[in-house]
Amino acid sequence: MNHILCGLAANPALPAELVDRLIASAIADAEADADAEIAAELAARLDLAHAQARALAARAEDIAVHLAYEGRLTSADIDPAAQPQAALALLDRGAGLPEWARRFATDPFTERRAKLAACPDLPPDVTDTLAADSEIAVVAELALWTTPDMAARLARHPHAEVRRAVAANEATPPAVLEMLLTGDGLPPARRCLVCDRERTSAAHAHPHPHPHPHPHPADDLPPGAFCTGSHESTVHDMWRQALSNPATPARAAAGFADHSSGLLRWALAARPDLPPEAGRRLADDPLPGVRGDLAENPALDAAQLRALATDVSPDVRRSVAHNPQVPLDVLASLAGTAKIGATLLPRIAAATPAEVEELAESPDPAVRMLLAARRDLPPGIRDALAADTDAKVLKSIAPHPGLSETRLRAMIDRHGVRVLARVATNPDASPSLLEHVTRHDPPVPKAFREVARHPNATAPSLLACLTDRQARTAAAAHPSLPAEVIVELLTDDEGRVAEAAAANPSLPRAVMAKLTP
């Protein structure tokens, strides 16, 4: 890998004429792996001109696919015969031509037909062709992404794998999803992937094959795939997909609250339209995972959340804390025991001004820490939390915008290494404060990494960051690093550091020109 040229290719300050030179160099040898990496970096440039994108697309199809998805190419830039994957990428974006879709609908490669089947807004004759494809993988892919009408049609397909895909499609009509759950109104499926494998094996079987009265595992199919004639594993997965599908009617889904399959109950527990009675039954589920997903479900009422807040599983109690509907007093009771951490919980983010004041005055530092994770606190409450005596509250509030340098320095003076890295993440941290952080004794490696990424970092603090192995790469890429240091880092023993230096927009243009082939 040529780290210097890869860095230059990503450098946002690289002049257009040097970008052209790099492109010419990268496409000169389409077989060189190093040039492929440079071309990939060039293709990711935000300032890439259309002509430059066309030149890169001609080098390799994977780059053409990337550029097609990024909207840098049009149908006039792609030959579907020469670059079929790029043409399919344009079709996937809705920017391809109808005649391309018709071409790929009968392509001899199954993978291309399957890719086409996932594309939006296909002509009706193309979807009809794909729906009748001999390969179930193609039909199933169509079923997963197709329109409501075609999904309803494919729900009656004789292959269970196609029906499973229909169940996962959020465009499938609710009535059809209900039929997939109940079986009412649909003929039984006649085949599944396990059946297909059995038939293939039978064509080459021993003259006296064993009967098939027991589950038939398939090593090349998903784990647990089996069939005794009723396509059990595929039907089970179809139900799971339907239960996870938000378009499935809640009344139909609720009937699975007592199902013997934990996976099905698990899928049901996360539904935001879960009926209250189903929620009450799932609250007593033997699986902590089911109760955990249920505990985070906003459909639960306060009484159910209070009950789950006393669950024996710490994961369930932690999920209650993440529920946007959890009562504040319940959340306060969980703050110190559920190992929530300094994360902004939905209920804290939605707290009213009066609730914010109440939380700020809590005698429990774990509660104050949760509030301190907000970044829109009134100045008075923000400053009061910044003067808190508890280090975990300070770590949570330290990145809050608007804190004065005096308050941030006071945090460091009181708690040192415990808050240093968090102070360095504050967006308003001044250059002098960041230098103060890098001079702290003892040093904190994570603080160096934060300073190296900070837009307010200046040369003195960045030079200090270069002494830390993990912060060195970020510091080498910082535009405030002195130009002579950037140039020196181009020869660093660590390739990532040299690449970061080459990508630094403060690298002198004369040096860029000298490095470009």
Arg368/Asp390 under salt bridge (Lys or Arg N to Asp or Glu O under 4.0 Å): CA gap, chis, key distance, verdict: CA-CA 9 Å; Arg368 303 196 301 274; Asp390 193 283; 5.3 Å; no
CA sep, side-chain torsions, deciding dist, call: Tyr69, Arg93, side-chain contact (heavy atoms from CB on, under 4.5 Å): CA-CA 7 Å; Tyr69 273 118; Arg93 286 190 61 248; 3.8 Å; yes
Trp100/Leu90 under side-chain contact (heavy atoms from CB on, under 4.5 Å): CA gap, chis, key distance, verdict: CA-CA 10 Å; Trp100 291 1; Leu90 283 180; 3.8 Å; yes
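The 12-atom threshold is exceeded at CG of Asp376, counting heavy atoms of other residues, nucleotides or ligands nearer than 6.0 Å. The local environment of CH2 in Trp145 is sparse, with at most 12 non-hydrogen atoms from other residues, nucleotides or ligands closer than 6.0 Å. Atom CZ of Arg251 has 12 or fewer neighbouring heavy atoms from other residues, nucleotides or ligands inside a 6.0 Å radius.
When all heavy atoms of Val451 and Ala457 are compared, the closest pair comes out as O-CB, 3.4 Å. What you find for Ala424 and Glu450 is that their closest heavy atoms are CB-CB, 3.8 Å. Among all heavy-atom pairs drawn from Ile397 and Arg382, the shortest one is CG1-O, 4.0 Å.
Salt bridge status for Glu355 with Arg347: present, with a side-chain N to carboxylate O gap under 4.0 Å.
Of the listed residues (Ile348, Asp364, Leu385), just one forms a side chain to side chain contact (heavy atoms under 4.5 Å, CB included) with Leu359, and that residue is Ile348. Partner of Leu433 under the side chain to side chain contact (heavy atoms under 4.5 Å, CB included) criterion, chosen from Asn456, Asp428, Val423: Val423.
A donor-acceptor pair under 3.5 Å is absent between the side-chain atoms of Glu141 and the main chain of Val138, judged by distance alone. The main-chain N or O of Ala155 is found under 3.5 Å from a side-chain atom of Arg163 such that the two form a donor-acceptor pair. No side-chain donor-acceptor contact under 3.5 Å links Arg164 to the backbone of Met238. Side-chain N or O atoms of Arg496 include none that pairs as donor or acceptor with a backbone N or O of Thr473 at under 3.5 Å. Side chain of Arg112 to backbone of Asp107: no donor-acceptor contact under 3.5 angstrom is found. For the pair Asn426 (side chain) and His400 (backbone), a donor-acceptor distance under 3.5 Å is present. A donor-acceptor pair under 3.5 Å is formed between the side chain of Ser396 and the backbone N or O of Met369. Side-chain atoms of Arg156 come within 3.5 Å of backbone atoms of Gly185 as a donor-acceptor pair (strictly under, hydrogens ignored). Checking side-chain atoms of Arg190 against main-chain N and O of Pro187 turns up no donor-acceptor pair under 3.5 Å. With hydrogens and angles ignored, the 3.5 Å screen pairs no side-chain donor or acceptor of Asp388 with any backbone N or O of Val393.
Listed by chain and residue number, Pro327, Asp329, Val330 satisfy the side chain to side chain contact (heavy atoms under 4.5 Å, CB included) test with Arg306 (two or more places apart in sequence, or in another chain).
Using a 4.5 Å cut-off on side-chain heavy atoms (C-beta onward), Leu371 and Ile381 make contact. Put simply, the side chain of Trp239 reaches to within 4.5 Å of the side chain of His259, judged on heavy atoms. Using a 4.5 Å heavy-atom cutoff, the side chains of Arg375 and Leu344 are not in contact. Looking at heavy atoms from C-beta onward, Asp77 lies in side-chain contact with Thr74 at the 4.5 angstrom threshold. His322 has its side chain within reach of Leu345: a pair of non-hydrogen atoms, C-beta onward, lies under 4.5 Å apart. With a 4.5 Å cut-off on side-chain heavy atoms, Cys119 and Asp92 count as touching. Contact annotation: the side chain of Leu408 approaches that of Met411 to within less than 4.5 Å [non-hydrogen atoms, C-beta and beyond]. In this structure, Leu308 and Arg317 have side chains that are not in contact, with every pair of non-hydrogen atoms separated by 4.5 Å or more.
Evaluation of the salt bridge (Lys or Arg N to Asp or Glu O under 4.0 Å) test over residues 267-282, restricted to residues two or more places apart or in two chains, returns Asp258-Arg281, Arg271-Asp273, Glu277-Arg280, Glu277-Arg281.
No side-chain N or O of Thr234 forms a donor-acceptor pair with one of Asp237 less than 3.5 Å apart.
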